[in-house]
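All figures in this text were calculated on a predicted structure; none of them were measured in a lab.
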Amino acid sequence: MSTLTLAATTLVTLALLLTALSLHVSRLRLRYRQTWGDGGHKDLAAAIRTHGNTLEQSMLFGLLLLAHAQFHSATPGALAAACAAFVLARLLYCVGAFARRLAWRQAAHAITLLAQLTAMALLAHTTWTA
């Protein structure tokens, strides 16, 4: 699989996750008739924060992927592992947030950072050796 295909597949997966999280926030806003903020509803607050955190983390990772995909000499093996780890970490974060499992969220955060650092290191290596 090329790095461009890998990046596109990962970005589509993250876009689907973010769309699902956004729809969840919208559904809860309609239920509680809350157009701004969380109105003191814990499940709405968790949905808003989960969507926001996933978006924040996905933006950086997505940019790293797109930059990496521009290099034709890049090898996709380690990048594929970082992509898989990142997507799984974001799913774990969502489950942990909605189930109120702090340890799951912490593990997801650590895996997210590791995947981001891996993508950064791979991009730096590819850039400096190209």
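With rounding to the nearest 0.5 Å, the separation of OG1 in Thr50 from CG in Leu55 is 12.5 Å.
Here Arg101 pairs with nothing under the salt bridge (charged side-chain N to carboxylate O under 4.0 Å, His left out) rule; sequence neighbours left out. Legend: residues meeting salt bridge (charged side-chain N to carboxylate O under 4.0 Å, His left out) with Arg49, ordered by chain and number and at least two apart, are Glu56.
Here the closest heavy-atom approach between residue His125 and residue Thr129 is recorded as O-OG1, 2.6 Å. When all heavy atoms of Ala82 and Phe61 are compared, the closest pair comes out as O-CZ, 3.7 Å. Looking at every heavy atom in both residues, Ala107 comes nearest to Leu92 through CB-CD2, 4.2 Å. Shown here for Ala85 and Ile111, the closest heavy-atom pair between the two residues is O-CG2, 3.6 Å. The nearest pair of heavy atoms linking Thr118 to Ala78 is CG2-O, 4.5 Å. Contact detail for Ala97 and Ala46: the closest heavy-atom pair is O-CB, 4.4 Å.
Of the possible polar contacts, none joining the Gln57 side chain to the Phe86 backbone as a donor-acceptor pair under 3.5 Å is found.
Leu91 and Phe98 end up in the same hydrophobic cluster when Ile, Leu, Val, Met, Phe, Trp and Tyr side chains are linked at under 4.5 Å. Linking Ile, Leu, Val, Met, Phe, Trp and Tyr residues whenever their side-chain heavy atoms come within less than 4.5 Å places Leu60 and Leu123 in a single cluster.
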Determine all donor-acceptor pairs shorter than 3.5 Å in which one atom belongs to a side chain in residues 13-31; sequence neighbours excluded.
| unit_1 | atom_1 | unit_2 | atom_2 | d |
| --- | --- | --- | --- | --- |
| Thr13 | OG1 | Thr9 | O | 2.9 |
| Thr19 | OG1 | Ala15 | O | 2.8 |
| His24 | ND1 | Arg27 | NH2 | 3.0 |
| Ser26 | OG | Ser22 | O | 3.2 |
| Arg29 | NH1 | Gln34 | O | 3.3 |
| Arg29 | NH1 | Gly37 | O | 2.8 |

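In this structure, the side chains of Asn53 and Tyr93 come closer than 4.5 Å at one or more pairs of heavy atoms. Between Arg105 and His109 there is no side-chain heavy-atom pair separated by less than 4.5 Å.
Checking each of Leu65, Leu122, Leu79 against Thr3 for a side chain to side chain contact (heavy atoms under 4.5 Å, CB included) leaves exactly one that passes, namely Leu79.
Counting heavy-atom neighbours within 6.0 Å of His41 NE2, excluding the residue itself, gives a total above 12.
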